[in-house]
Amino acid sequence: MATRHMVDKERTLWNGRPQQEIDMTTTRFAPSPTGYIHVGNLRTALMNYLIARKAGGTFILRIDDTDPERSKQEYVDAIQQDLEWLGLTWDRVEKQSDRLERYEEAAQQLRDLGRFYECFETPVELDLKRKKQLNMGKPPVYDRSALALSEDDKARLREERGNGHWRFKLDHERIEWVDGVLGARSIDASSVSDPVLIRGDGQFLYTLASVWDDIDFGITHVVRGADHVTNTATQIQIIEALGGTVPTFAHHSLLTGPQGEALSKRLGTLALRDLREAGVEPMALLSLMARLGSSDPVELQSSLEEIASGFEIGHFGAAPTKFDAEDLYPLTAKVLHELPLADVAEDVAAAGVPDTLAERFWDVTRENITTRKDLKSWWELFANGAEPDIADEDKEFIAQAMLLLPEGPFDDATWGTWTKTVKEATGRKGRGLFMPLRKALTGQSHGPDMSSVMPLLQVIKARG
Ligand code: GLU
């Protein structure tokens, strides 16, 4: 017992959390189902997943669907498919739309605590206030004028304008936390507007739902994008007001394009399903995203377990992280080079390769493809014959060589015997012999070993 306690004390996760807490590590990925998830979302999902898996904890998929107009089941399904494609399995799913009664309880607690107040300004009025403050060189923080309303004022405003929206009353003190990526953070609460938690139409907003879920589900670590830093400050106060335990927060930097340009507009083209469609291999994408922006080198990993065991959130930097989708392709090619036929048999068959040639076809092409999609064009080349590439000065030589080429089907020995015969007949040798023959048969000046290619060739267009 004593020994275990000592070991426990020594082994700590980031932010000095003791082992007892690591044992119940619980993280969540909380997408809003209003679109397809992209590489930016994947970063968040993956980091939360890896922290939970590394600690043997729980990873929750939380569907943030408090906005009934924008949330769609189609996107919930798509998010799940995308995560499944990558093997990012969750231990349970929670949907915020199933928990509205719970949020009402949280709201009531905040009212009872005197930390919740109803406001009636219209969006136009709020905008005007903000503009005035900015003109006067002041930060556009909500001025709390609703706090001065009497019960009679509120009743009258409710008559005139309908129900008000509800704001959480921040304590005007510094909010501090040790961030897993950013280090010690401190935000002055008086520089932030009291957050609106319920809209005039009664809709619970993300902040209330998220905070209450994090408390209810025992979330120990929250990793999300740096665009949430201010949210974190206000959420810490709300969690404390509701008597919850503040999780450890970490904010990863946002992704930019390869030149440092904002990626927000292009993220639409970097949806996970587009990358899958383009032929990117899951392990290539996971290997890149688990290391990009950290001090650990990007290298192809073999499994999520391997990625998890080497994952350290503290190795990530705060600076924006450059992402270039092109980097996914060399990694994808590397994944494919390693695969046995069994793992690509379906794609090989779908490319049209007969079973009898599958093994040889895969041996020949595996090192010459970038994605599985390339298999089809290789088979087309073998099955239908390539357009020959013959230089003028080689025309006669090729014509002569073609007369010496035996009828198919070819075998492993064909290339050797044939080129030997051609050499004897024409006196050519070395590159001058082999290169024109390769180009005549495959239309390309480079590619797989010709002895292995010959048995795959079904048609030789250069025969004329
Ligand atoms: N639904 C929120 C988002 O996608 C979740 C943020 C959070 O992790 O709390 O931005």
Side-chain angles (χ1 to χ4, degrees), residues 25-52 57-73 75-76 78-80 82-83 88 90 92-100 102-103 106 168 175 177 179-182 185 187 192 195-197 199 203-239 242 244-255 263-264 267-268 270-272 289 313 316:
T25 292
T26 305
T27 63
R28 72 336 186 255
F29 171 49
S32 306
T34 56
Y36 297 121
I37 50 172
H38 48 66
V39 283
N41 305 120
L42 171 59
R43 212 154 176 244
T44 309
L46 182 58
M47 288 180 174
N48 284 294
Y49 172 90
L50 294 172
I51 288 167
T58 302
F59 175 61
I60 298 175
L61 173 60
R62 191 183 84 193
I63 304 294
D64 283 6
D65 58 351
T66 48
D67 181 343
E69 272 140 49
R70 294 180 58 227
S71 301
K72 301 228 156 41
Q73 184 58 38
Y75 293 125
V76 176
I79 289 166
Q80 299 196 348
D82 291 345
L83 294 176
L88 299 179
W90 50 91
R92 55 183 226 259
V93 186
E94 297 285 350
K95 260 183 145 175
Q96 293 192 324
S97 56
D98 290 340
R99 294 176 38 82
L100 302 181
R102 258 323 255 158
Y103 304 146
F168 174 76
I175 305 167
W177 75 95
D179 195 285
V181 170
L182 306 173
R185 299 290 303 190
I187 289 184
V192 183
V196 177
L197 303 189
R199 290 203 321 199
Q203 187 182 312
F204 295 107
L205 289 178
Y206 150 76
T207 307
L208 177 68
S210 180
V211 156
W212 205 221
D213 289 348
D214 287 344
I215 295 174
D216 271 359
F217 304 154
I219 301 298
T220 55
H221 300 76
V222 174
V223 182
R224 54 191 176 192
D227 50 336
H228 281 289
V229 167
T230 310
N231 285 344
T232 294
T234 57
Q235 288 179 16
I236 286 174
Q237 276 208 3
I238 304 171
I239 293 168
L242 290 169
T245 306
V246 177
T248 302
F249 287 97
H251 296 86
H252 59 73
S253 66
L254 299 183
L255 295 180
L263 207 53
S264 47
L267 280 174
L270 294 171
L272 300 192
M289 298 317 287
I313 189 96
F316 284 80

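Note that the structure is a prediction, hence the values are computed from the model and not measured. Each ligand, and each atom within it, is numbered from 1 in the order the structure gives.
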Participant: At a 4.0 angstrom heavy-atom cut-off, what protein residues surround ligand 1?
Facilitator: R28, A30, S32, D64, Y206, S210, R224, H228
Participant: Between R99 and D216, is there a side-chain N and carboxylate O pair less than 4.0 Å apart?
Facilitator: yes
Participant: Looking at F217, is R92 sitting on its ring face, NZ or CZ under 6.0 Å from the six-membered ring centre and within 45 degrees of the normal?
Facilitator: yes
Participant: So, for I79 and P33, which heavy atoms are closest and what is the spacing to 0.1 Å?
Facilitator: CD1-CA, 4.0 Å
Participant: Have a look at T44 and tell me which of H252, H251, H228, R224 forms a side chain to side chain donor-acceptor pair (under 3.5 Å) with it.
Facilitator: H252
Participant: Please determine whether a side-chain nitrogen of the Lys or Arg among D214 and R62 lies less than 4.0 Å from a carboxylate oxygen of the Asp or Glu.
Facilitator: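 Yes, charged N to carboxylate O under 4.0 Å.
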Participant: In terms of ring plane angle, is the pair Y75 and Y36 parallel, tilted or perpendicular, where the classes change at 30° and 60°?
Facilitator: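 Judged by the thresholds at 30° and 60°, the geometry between Y75 and Y36 is perpendicular.
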